[in-house]
Student: 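One structure follows; several queries about it will come next.
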Amino acid sequence: MSASKGDRKATLDAASWLFNVVTSVGIIIVNKSLMATHGFSFATTLTGLHFATTTLLTLVLKWLGYIQPSQLPVPELLKFVLFANFSIVGMNVSLMWNSVGFYQIAKLTMIPVSCFLEVVLDKVRYSRDTKLSITLVLLGVAVCTVTDVSVNAKGFIAASVAVWSTALQQYYVHHLQRKYSLSSFNLLGHTAPVQAASLLIVGPFVDFWLTGKTVYAYDYHFISVSLILLSCTIAVGTNLSQFICIGRFTAVSFQVLGHMKTILVLILGFIFFGKEGLNHQVVLGMFIAIMGMIWYGNASSKPGGKERRSAPSKSQKKGAVSESSEVDDKV
């Protein structure tokens, strides 16, 4: 019976990751075509449209009875939306103010920051193999993506805001689902409307600041509108799959294994756009990163690979600490 339950969990875990990888890579390819080929460079406003579409889906599912009523305190909701919106705007500003190389390095630092948050806030402990496997993934992705690296003060500040806000947003996805017993759709139902409203209000101003163009003056045509609608449709799956994966695992696991998407984007970009060849450096980086991901999956699943330290009970404090009291909960 336990073996059957374990197999079912493994199947659902694999399906969750596949869902996230397919939707994430798909939306990157669609957005690259929309922005690079058709000149729609209004990323913040587009993200607002993504959350508006997600909001419509959650409302329909609530009406059909597939999403049960749930509660999320307003302060928690506002805190989450603040982190999430700073993450979106921060990433866009970081890309504008930094070289591509430093932007990629900043993105890589999300894993150490997420580890720090789990260690401090959740009392998580990592084994030596888990730490080394994470380091190997970071090295591989860095070899793949980091080229020119130049740093300036305002770019560094923008990157720091983007990294910390993204790490906090992903940490809170897991934290809120666990604390308030929320499903992925429940949490999306609470957060998506507020994110949609806020981003659609500030998005056009942020995009004008970043690009010098206004979204209202864009020359909309059939292909660009079709791509926008396709992007919004895929984004529903991307948003949901992110919440599902982080809810089932943790923000760190989501970041580590999520770099598989970076590798797939490089390969698909070469196949569909042909602008950037897969040279020896990129192939070497992919190989190193994949080895690191396999090692991480194996190391973190072993006993002691990644554990949350339990607070000792009163009886344990009075008596001697037994060996069983040191066994931690697996996360």
Side-chain angles (χ1 to χ4, degrees), residues 20 23-24 27-28 31 35 42-55 72 75-98 100 102-118 121 141 154-177 184 187-188 190-207 209-210 231-232 235-236 238-247 249-256 258-259 261-262 265:
N20 180 255
T23 54
S24 298
I27 200 169
I28 290 171
N31 287 351
M35 295 179 181
F42 312 103
T44 311
T45 304
L46 182 61
T47 306
L49 293 173
H50 290 168
F51 281 107
T53 309
T54 304
T55 300
L72 180 63
E76 296 273 40
L77 172 61
L78 295 179
K79 190 189 301 182
F80 176 88
V81 171
L82 182 67
F83 291 145
N85 287 355
F86 264 102
S87 168
I88 294 164
V89 175
M91 281 297 178
N92 291 336
V93 174
S94 176
L95 184 57
M96 181 183 73
W97 284 352
N98 292 308
V100 174
F102 185 74
Y103 173 77
Q104 291 293 348
I105 287 178
K107 285 179 66 178
L108 291 177
T109 62
M110 286 181 200
I111 292 180
V113 170
S114 295
C115 289
F116 174 79
L117 291 175
E118 288 191 357
L121 300 178
V141 177
K154 65 179 184 179
F156 180 80
I157 293 172
S160 299
V161 170
V163 167
W164 278 94
S165 57
T166 301
L168 284 165
Q169 182 257 341
Q170 292 184 355
Y171 170 82
Y172 265 91
V173 170
H174 187 75
H175 171 75
L176 293 176
Q177 288 191 51
S184 301
L187 187 55
L188 268 179
H190 288 292
T191 60
V194 184
Q195 280 192 263
S198 56
L199 288 174
L200 288 176
I201 291 172
V202 304
F205 298 100
V206 172
D207 289 332
W209 175 48
L210 294 175
S231 178
C232 289
V236 175
T238 305
N239 292 331
L240 177 61
S241 64
Q242 182 192 41
F243 281 27
I244 290 174
C245 286
I246 298 177
F249 310 104
T250 63
V252 173
S253 295
F254 180 76
Q255 283 285 343
V256 172
H259 278 301
K261 294 177 286 190
T262 303
V265 168

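The first residue in the sequence is number 1, and the count goes up from there.
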Student: Backbone N or O of Thr45 within a donor-acceptor pair of the Asp207 side chain at under 3.5 Å?
Tutor: yes

Student: Supply the atom-to-atom distance Cys232 SG to Ile27 CD1, rounded to the nearest 0.5 angstrom.
Tutor: 8.0 Å

Student: Answer whether the closest heavy-atom distance between the side chains of Val93 and Trp209 falls below 4.5 Å.
Tutor: yes

Student: Taking all heavy atoms of Leu77 and all of His190, pick out the closest pair and write down the distance.
Tutor: CD1-O, 3.4 Å

Student: Kindly list each side-chain donor-acceptor pair under 3.5 angstrom involving residues 79-91, sequence neighbours excluded, with atom names and distances?
Tutor:
| residue | atom | partner | partner atom | Å |
| --- | --- | --- | --- | --- |
| Lys79 | NZ | Tyr172 | OH | 3.4 |
| Asn85 | ND2 | Ser198 | OG | 2.8 |
| Ser87 | OG | Thr166 | OG1 | 2.5 |

Student: Work out which heavy atom in Ser165 is nearest to a heavy atom in Ala162; give both atom names and the distance.
Tutor: OG-O, 3.1 Å

Student: May I ask you to test the Leu46-His50 pair for a side-chain heavy-atom distance under 4.5 Å?
Tutor: yes

Student: Please name the pair of heavy atoms, one in Pro193 and one in Thr55, separated by the smallest distance, quoted to 0.1 Å.
Tutor: N-OG1, 3.2 Å

Student: To the nearest 0.5 angstrom, please state how far the CG atom of Asn239 sits from the OG atom of Ser24.
Tutor: 9.0 Å

Student: I'd like to check Leu117 versus Trp164 (side-chain heavy atoms, cut-off strictly below 4.5 Å). Are they in contact?
Tutor: yes

Student: Taking all non-hydrogen atoms of both residues, which atom of Ala235 and which atom of Thr54 are closest, and how far apart?
Tutor: O-OG1, 4.4 Å

Student: So, using side-chain hydrogen bond (donor to acceptor under 3.5 Å, both in side chains) as the criterion, who are the partners of Gln169 when residues are at least two apart?
Tutor: none

Student: Looking at Ala106 and Val163, what are the two nearest heavy atoms and their distance?
Tutor: O-CG2, 3.0 Å

Student: Side-chain contact, heavy-atom cut-off 4.5 Å: Leu176 with Leu72?
Tutor: yes

Student: Start with the C-alpha distance between Leu49 and Leu200, add both sets of side-chain angles, then the distance that settles side chain to side chain contact (heavy atoms under 4.5 Å, CB included), and finish with yes or no.
Tutor: CA-CA 7 Å; Leu49 293 173; Leu200 288 176; 3.9 Å; yes

Student: Working to the nearest 0.5 angstrom, can you tell me the gap between Thr47 OG1 and Asn31 CG?
Tutor: 8.0 Å

Student: To the nearest 0.5 Å, what is the distance between CD1 on Ile244 and CG on Leu188?
Tutor: 8.5 Å

Student: Would a distance-only check, ignoring hydrogens and angles, find a side-chain to backbone donor-acceptor pair under 3.5 Å from Gln177 to Phe243?
Tutor: yes

Student: Please round to the nearest 0.5 Å and tell me the distance separating atom CG of Leu210 and atom OG1 of Thr44.
Tutor: 6.0 Å

Student: Ser241 and Thr23: which non-hydrogen atoms are nearest, and at how many Å?
Tutor: OG-OG1, 3.4 Å

Student: To the nearest 0.5 Å, what is the distance between SG on Cys245 and NE2 on His174?
Tutor: 12.5 Å

Student: Mind checking what makes side-chain hydrogen bond (donor to acceptor under 3.5 Å, both in side chains) contact with His175, not counting sequence neighbours?
Tutor: none

